[in-house]
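First the structure, in the form of structure tokens, and then the observations on it.
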Amino acid sequence: MIYSRGVEEKRQVPLVNIANALTVLRLVLVPVFIWAFLDPTPARSWLSWAIFALAAFTDKLDGHLARSRGLITNFGKLADSIADKFLIISALVMLSAHGILWWWVTIVFIVREAGITIMRMVVVKKKVMSAGRGGKIKMMAQSVGAGMLIIPWYSFLPSALATAIMWMSYGLIAIALFFALTSAVEYIREARNIGED
């Protein structure tokens, strides 16, 4: 019994670990990104992109560390999702505020993210819902698309090329919008199954 208890204690993952620290860092970077992108001059846009890219990189890194080092916690699952949402929504809102992205697109994403987050909070006592495949594709397309829209292409590229890149970015946002809606259906089904258990 003593041995079993000792093994069980060793398997407990500490809440304070490198993966969770990176998640918290991503949350801290969100207001820094907003401050940088308040004035969309070329210089500030590049700074905003650098902050956004760093925050997005921590998302990949904390997930890798959590899986490879066995540092997965319920806090990490939930906080990682919230940090991702705060980062991408702040980017979409700022892009819309500067007239780069249509407001209706941003509003659809916000409503979807708010709905899924509330649903996760409701079922968290029974089970923490991890991101599904559709949600991950949505997040990737959103991050790359938004990141490309932040870059001031027109300040250093010919107009035709800059326009082509911008439309490529909008294409990625469209893909993200598709998976946002389809993955939302998957989350709703999972939440209903959890509620019935």
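The figures that follow rest on heavy atoms only: side chains count, while hydrogens, waters and symmetry mates do not.
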Could Arg44 and Trp35 be counted as a cation-pi pair, given that NZ or CZ must be under 6.0 Å from the ring centre and within 45° of the axis?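 Geometry flag: set, cation within 6.0 Å and 45°.
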Closest contact, heavy atoms only, [X] versus [Y]:
X: Pro152; Y: Trp46; value: CG-NE1, 3.5 Å
X: Ile34; Y: Met94; value: O-CE, 3.9 Å
X: Phe37; Y: Leu95; value: CE2-CD2, 3.9 Å
X: Ala36; Y: Ile51; value: CB-CD1, 3.8 Å
X: Ala83; Y: Thr23; value: CB-O, 4.0 Å
X: Thr58; Y: Ala55; value: OG1-O, 2.5 Å

Just wondering, are more than 12 heavy atoms of other shown residues or ligands nearer than 6.0 Å to CZ in Phe57?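 No, not enclosed.
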Just wondering, more than 12 heavy atoms not from Met148 lying within 6.0 Å of its CE?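 Yes - once you tally the heavy atoms of other residues, nucleotides and ligands closer than 6.0 Å, there are more than 12.
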So if you build clusters from Ile, Leu, Val, Met, Phe, Trp, Tyr with side-chain heavy-atom gaps below 4.5 Å, do [X] and [Y] land together?
X: Trp104; Y: Leu172; answer: yes
X: Trp167; Y: Ile173; answer: yes
X: Val111; Y: Leu177; answer: no
X: Ile107; Y: Leu87; answer: no

Please confirm whether Trp49 and Phe33 have ring centers closer than 6.0 angstrom.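 Ring-ring flag for Trp49/Phe33: false, centres at least 6.0 Å apart.
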Could you tell me the separation between the [atom1] atom of [X] and the [atom2] atom of [Y], rounded to the nearest 0.5 Å?
X: Ile82; Y: Leu27; atom1: CD1; atom2: CG; answer: 7.5 Å
X: Met168; Y: Leu149; atom1: CE; atom2: CG; answer: 11.5 Å
X: Ser48; Y: Asp39; atom1: OG; atom2: CG; answer: 9.0 Å

Considering only heavy atoms from C-beta outward, does the side chain of [X] approach that of [Y] to under 4.5 Å?
X: Phe179; Y: Gln142; value: no
X: Arg26; Y: Asp84; value: yes
X: Phe156; Y: Ile151; value: yes
X: Glu113; Y: Lys138; value: yes
X: Thr163; Y: Trp153; value: no
X: Ile100; Y: Tyr170; value: yes

Chi angles and distances behind the side chain to side chain contact (heavy atoms under 4.5 Å, CB included) call for Leu101, Leu92: CA-CA 7 Å; Leu101 183 65; Leu92 295 173; 3.5 Å; yes
Show the numbers, then the answer: is there a side chain to side chain contact (heavy atoms under 4.5 Å, CB included) between Arg112 and Ser183? CA-CA 10 Å; Arg112 185 267 188 195; Ser183 64; 2.5 Å; yes
Run the side chain to side chain contact (heavy atoms under 4.5 Å, CB included) check on Phe178 and Ile137 step by step: do they pass? CA-CA 10 Å; Phe178 171 80; Ile137 294 173; over 6 Å; no
Please assess Phe52 against Ile88 for the test side chain to side chain contact (heavy atoms under 4.5 Å, CB included), listing each intermediate value before the final yes or no. CA-CA 9 Å; Phe52 182 84; Ile88 195 65; 4.1 Å; yes
